[in-house]
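Below is one structure, written out as structure tokens; the observations come after it.
Only heavy atoms go into these numbers, but all of them, side chains included; no hydrogens, no water, no symmetry mates. Counting begins at 1 with the first residue of the sequence.
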Amino acid sequence: MNAMNFIEPEERIALRKAVAELGAKYGHEYYARKARADEKTHELWDEAGRLGYLGVNIPEEYGGGGAGIADLAAVLEELAAAGSPLLLMVVSPAICGTVISRFGTEEQKKQWLPGIADGSKRMVFAITEPDAGSNSHKITTTAKRDGDGWVLSGRKVYISGVDEADAVLVVGRTEDARTGRLKPALFILPTGTEGFEYTKIPMDIVAPENQFSLFLDDVKLPAEALVGEEDAAIAQLFAGLNPERIMGASFSLGIARYALAKAVGYANERQVWGAPIGTHQGLAHPLAEIKIELELAKLMTQKAASLYDSGDDFGAGESANMAKYAAAEVAIRATDQAVQTHGGNGLATEYGLGTLVTAVRLGRIAPVSREMVLNFVGQHSLGLPKSY
């Protein structure tokens, strides 16, 4: 899809159809059952990997589909629209797969990309810290030279899926020998490494993926754990954050589609006073507004993915932030209105909406808060003074 053509290519339309069929095979009942039992959606993940859907953005020479983030985002959106979103798609193939594909050594690519592509290996991403919040320039996890290798020390918080991961892509900071200042650097940390520990954070979100606090106590890593150039890590970091925002938007879009479809189906079937409740404008108009907002958010997400895949990192950054914002807002509104359309049934387990109420709220917070998106747009899109 280019700037003058708003129709997706036939290959992506076919991909969406195939993934939607896979998603329907599992559905939200499967997803919610797994989440409530504190189990993983391994069956769906493994089948999506075998079919090549998890690695559509990974280069072909490493077992992927050779496409871009736009296709991976389409996969996540369709699975979410079927009621079975896979959160780890945001971090494993999108962030970690992209960063390693673009900046990793040949050895790192051979070791990790084929497994990320077929789903047999999972890599998660660790940047957030307890005291740094949204200010990634103030992270305190440090990496010091230790002969030819490195020693990492620090803490991370709200890191998704560590209990399922083979490795963590850790954002640390190294000291510039010339200036003494700390600068960001990326390291691949296998989860079984000595000195690395993690604890589960209890959450009220009904989801199969768990959140964790990480503790790095003088963790020793070999020289080859460093990803890319030590002096160019800030560019490498943002090369992964733009896909994260695009995938986050797609996650929200899919859930919004699922909720809207449930609401429309119920409004067509449920009859009160001899007519379907969808005949009443008090229900019809909010659903129509959500459809409009959903399509607008989807267009911005597609624009962001198109810009990113074309190599325009800055243009993609602006669009990705806007897409993430718009998609999160419409997901919240769609879920809330779907519950309202169902009345009391909206929170009954049978109707598959109550589990999404807290899940969609996360979209306003992660991977970047709603307020930080507005700060970005104010400063970079509107040229207003920096507010923080």
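- Between the side chains of Ser160 and Gln211, at least one donor N or O lies within less than 3.5 Å of an accepting N or O.
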Stepwise side chain to side chain contact (heavy atoms under 4.5 Å, CB included) check, His42 with Glu164: CA-CA 10 Å; His42 287 327; Glu164 302 179 60; 3.5 Å; yes

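- Rounding to the nearest 0.5 Å gives a distance of 11.0 Å between OG of Ser387 and CD of Glu371.
- Between the side chains of Thr358 and Asp204, no donor-acceptor pair of N or O atoms lies under 3.5 Å.
- Two residues are said to be in side-chain contact when any heavy atoms from C-beta on lie closer than 4.5 Å; Thr199 and Phe212 fail this criterion.
- Side-chain heavy atoms closer than 4.5 Å link hydrophobic residues (I, L, V, M, F, W, Y) into clusters, and following such links, possibly through other members, connects Ile201 to Ile205.
- Lys386 forms a cation-pi arrangement with Tyr388, by the criterion of a distance under 6.0 Å to the ring centre and an angle within 45° of the ring axis.
- In this structure, the side chains of Lys40 and Asp163 come closer than 4.5 Å at one or more pairs of heavy atoms.
- Taking both residues in full, the closest heavy atoms of Leu307 and Gly315 are given as CD1-O, 3.5 Å, listed atom of the first, atom of the second, then distance.
- The CG atom of Leu214 lies 6.5 Å from the CG atom of Leu216; values are rounded to the nearest 0.5 Å.
- Remark: side-chain polar atoms of Lys262 are paired, donor with acceptor, to backbone N or O of Tyr351 under 3.5 angstrom.
- The closest side-chain heavy-atom distance from Met247 to Leu72 is below 4.5 Å.
- Using a 4.0 Å cut-off between charged nitrogen and carboxylate oxygen, Glu293 and Arg333 count as a salt-bridge pair.
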After noting the C-alpha distance and the side-chain angles of Arg36 and Thr355, does the key distance pass the side chain to side chain contact (heavy atoms under 4.5 Å, CB included) rule?
CA-CA 10 Å; Arg36 288 195 172 99; Thr355 53; 3.2 Å; yes

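- Residues Glu21 and Lys17 are paired through a salt bridge, judged by an N-O separation under 4.0 Å between the basic side chain and the carboxylate.
- Among all heavy-atom pairs drawn from Ala24 and Ala82, the shortest one is N-CB, 3.9 Å.
- Looking at Glu77 and Arg257, a side-chain N of the basic residue comes within less than 4.0 Å of a carboxylate O on the acidic one, giving a salt bridge.
- Placement of Tyr31 and Trp45 in two distinct hydrophobic clusters is found when ILVMFWY residues are connected by side-chain heavy-atom separations under 4.5 Å, directly or transitively.
- Cluster membership check: Phe196 shares its hydrophobic cluster with Val227, using side-chain heavy-atom separations under 4.5 Å among Ile, Leu, Val, Met, Phe, Trp and Tyr.
- Side chain to side chain, Ser310 and Asp312 fail the donor-acceptor criterion of an N or O pair below 3.5 Å.
- Here the CZ atom belonging to Arg16 is positioned 13.5 Å from the CD atom belonging to Glu11, to the nearest 0.5 angstrom.
- Look at Asp166 and Lys121 and you find no salt bridge, because none of the NZ, NE, NH1 or NH2 atoms lies under 4.0 Å from a carboxylate O.
- Heavy-atom contacts from other residues, nucleotides or ligands closer than 6.0 Å to OH of Tyr30 number more than 12.
- Counting heavy atoms from C-beta outward, Leu44 and Leu86 have side chains that approach closer than 4.5 Å.
- The two atoms that bring Ala320 and Ile246 nearest to each other are CB-CG1, 3.8 Å, heavy atoms only.
- The environment of Glu43 atom CD is dense: over 12 non-hydrogen atoms of other residues, nucleotides or ligands sit within 6.0 angstrom.
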Lys324 vs Glu244, side chain to side chain contact (heavy atoms under 4.5 Å, CB included): CA-CA, chis, key distance, verdict: CA-CA 9 Å; Lys324 182 266 174 192; Glu244 182 184 35; over 6 Å; no

- Message: Could you walk me through whether Ser213 and Tyr198 satisfy the side chain to side chain contact (heavy atoms under 4.5 Å, CB included) test, starting with their C-alpha distance in whole Å, then the side-chain angles of each, then the deciding distance to 0.1 Å, before giving a yes or no?
- Response: CA-CA 5 Å; Ser213 294; Tyr198 55 91; over 6 Å; no

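- In this structure, the separation between CG on Leu15 and CG on Leu51 is 10.5 Å, given to the nearest 0.5 Å.
- Val357 and Tyr258 fall within a single hydrophobic cluster, where Ile, Leu, Val, Met, Phe, Trp and Tyr side chains are chained together by heavy-atom contacts under 4.5 Å.
- Counting non-hydrogen atoms of neighbouring residues, nucleotides and ligands closer than 6.0 angstrom, the CD atom of Gln340 reaches no more than 12 such neighbours.
- Between the side chain of Arg173 and the main chain of Ile139, a donor-acceptor pair closer than 3.5 Å is present.
- You'll find the side chain of Arg155 stays beyond 4.5 Å of the side chain of Thr141, heavy atoms only.
- Side-chain atoms of Thr174 do not come within 3.5 Å of backbone N or O of Ala185 as any donor-acceptor pair.
- Note on Lys291 versus Glu295: salt bridge recorded, some NZ/NE/NH1/NH2 to OD/OE distance being below 4.0 Å.
- Residues Met89 and Leu79 have side chains in contact (heavy-atom distance under 4.5 Å, counting atoms from C-beta outward).
- Side-chain contact between Val272 and His280 is absent, with no heavy-atom pair separated by less than 4.5 Å.
- Counting non-hydrogen atoms of other residues, nucleotides and ligands closer than 6.0 Å to CD of Glu106 gives a total above 12.
- Trp150 and Phe187 have perpendicular rings, their planes meeting at more than 60° on a 0 to 90° scale where under 30° would count as parallel.
- Between the side chain of Thr335 and the main chain of Ala331, a donor-acceptor pair closer than 3.5 Å is present.
- No side-chain donor-acceptor contact under 3.5 Å links Thr193 to the backbone of Leu189.
- The two residues Pro114 and Lys109 make their nearest non-hydrogen contact at CD-O, 3.3 Å.
- Between Glu8 and Gln302, the side chains place a donor N or O and an acceptor N or O closer than 3.5 Å (distance only, hydrogens not considered).
- Side-chain contact annotation: Tyr266 with Asn345, donor-acceptor N/O pair under 3.5 Å present.
- At least one donor-acceptor pair under 3.5 Å links the side chain of Thr98 to the backbone N or O of Ala94.
- Side chain of Asn57 to main chain of Pro93: a donor-acceptor pair is present (N/O by atom type, distance under 3.5 Å, no hydrogens or angles).
- Using a 4.0 Å cut-off between charged side-chain N and carboxylate O, Arg102 and Asp313 make a salt bridge.
- A donor-acceptor pair under 3.5 Å is absent between the side-chain atoms of Asn321 and the main chain of Val373, judged by distance alone.
- Inspection of the Glu47 and Tyr53 side chains reveals no N or O donor paired with an N or O acceptor under 3.5 Å.
- The shortest heavy-atom contact between Ile116 and Ser92 is CG2-O, 3.8 Å.
- Between Ser381 and Met322 there is a side-chain heavy-atom pair separated by less than 4.5 Å.
- The aromatic rings of Phe314 and His380 lie perpendicular to each other, with more than 60° between the two planes, well past the 30° mark.
- At distances below 3.5 Å, not a single donor-acceptor pair connects side-chain atoms of Asp71 with backbone N or O atoms of Val56.
- With rounding to the nearest 0.5 angstrom, the CG atom of Leu353 is 11.5 Å from the CD atom of Gln337.
- Residues Ala249 and Thr301 come closest through the heavy atom pair CB-OG1, 3.6 Å.
- Under the 4.5 Å side-chain heavy-atom criterion for Ile, Leu, Val, Met, Phe, Trp and Tyr, Leu253 and Leu76 are members of distinct hydrophobic clusters.
- The backbone N or O of Ile127 sits less than 3.5 Å from a side-chain atom of Lys156, completing a donor-acceptor pair.
- Remark: Arg50 CZ to Asp118 CG distance equals 10.5 Å, nearest 0.5 Å.
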